[in-house]
Amino acid sequence: SQQGEEDPQALSIQEGENATMNCSYKTSINNLQWYRQNSGRGLVHLILIRSNEREKHSGRLRVTLDTSKKSSSLLITASRAADTASYFCATDLLYQTGANNLFFGTGTRLTVIP
Amino acid sequence: GAGVSQSPSNKVTEKGKDVELRCDPISGHTALYWYRQSLGQGLEFLIYFQGNSAPDKSGLPSDRFSAERTGGSVSTLTIQRTQQEDSAVYLCASRTRDRPFSGANVLTFGAGSRLTVL
């Protein structure tokens, strides 16, 4: 499968703590993205990191990418109850003519306890 | 429209019936994707459209599944002779040809159509 695999599958933390989710993938990528899905809703794009970048920040989000290990991590600092959602990594593969290049992982279910 | 619209939001059908799910992408978005998400699972790619053509149908699970797109806009996913294992949320997403984020595939998703086959 070309999908990413997130780890852990589920994570429960107290409000104010940091949450770290990991994603591993198998093939060479253009970029890796993280999306969030609230219960019963579609996915929302959070952040993108390119294959030549190692770290990216956006507000309380920090993403790292290690292409040698084919892995990425998403850190949410100072978590809030509203961060409760499922988080998916998506790998944008090196361009293949006419083919779908974007593959989603299995997701991490984050619960932030107030 | 301002976002990706999907209808119906919920559909309950009997095994063996045909269903049609509709996706109305963001105006001007030339690429359109369908994904399937089973309960508590990740996203399973079904089909990808560029304009009205579908260069990648590799994810369609069987010949009971088909999709079309007309006018470079609205897409319909049809499932014939539904089975209980077809129960899932069907998500549609679109992106612009110009690929914001300097060439990256960044998708805007609809809220999904939840299909329940009894």
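Letters A, B, ... mirror the listed sequences (proteins, then strands); counts begin at 1.
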Report task. Apply the test ring pair (Phe, Tyr, Trp, His ring centres under 6.0 Å) to residues Phe103(A) and Tyr48(B): give CA-CA distance (whole Å), side-chain angles for both, the deciding distance (0.1 Å), then the verdict. Result -> CA-CA 12 Å; Phe103(A) 293 87; Tyr48(B) 150 62; over 10 Å; no
Practice prompt. Answer yes if Met21(A) and Leu61(A) sit in the same cluster of Ile, Leu, Val, Met, Phe, Trp and Tyr residues linked by side chain heavy atoms under 4.5 Å apart, and no otherwise.
Written response: yes
Okay, Gln6(B) and chain A: the region with an atom under 4.5 Å from a heavy atom over there is neither
Just wondering, are more than 12 heavy atoms of other shown residues or ligands nearer than 6.0 Å to [atom1] in [X]?
X         : atom1 : answer
Arg60(A)  : CZ    : yes
Leu39(B)  : CG    : no
Arg114(B) : CZ    : no
Arg109(A) : CZ    : yes
Glu14(B)  : CD    : no

So do [Y] and [X] actually touch side chain to side chain, heavy atoms under 4.5 Å?
X         : Y         : answer
Leu102(A) : Tyr35(B)  : yes
Arg41(A)  : Leu91(B)  : no
Tyr35(A)  : Phe109(B) : yes
Leu43(B)  : Leu43(A)  : yes

Bottom line for Gln9(A): the part with an atom under 4.5 Å from chain B's heavy atoms is neither
Tightest non-hydrogen contact, residues Leu107(B) and His45(A), listed as O-CB, 4.4 Å
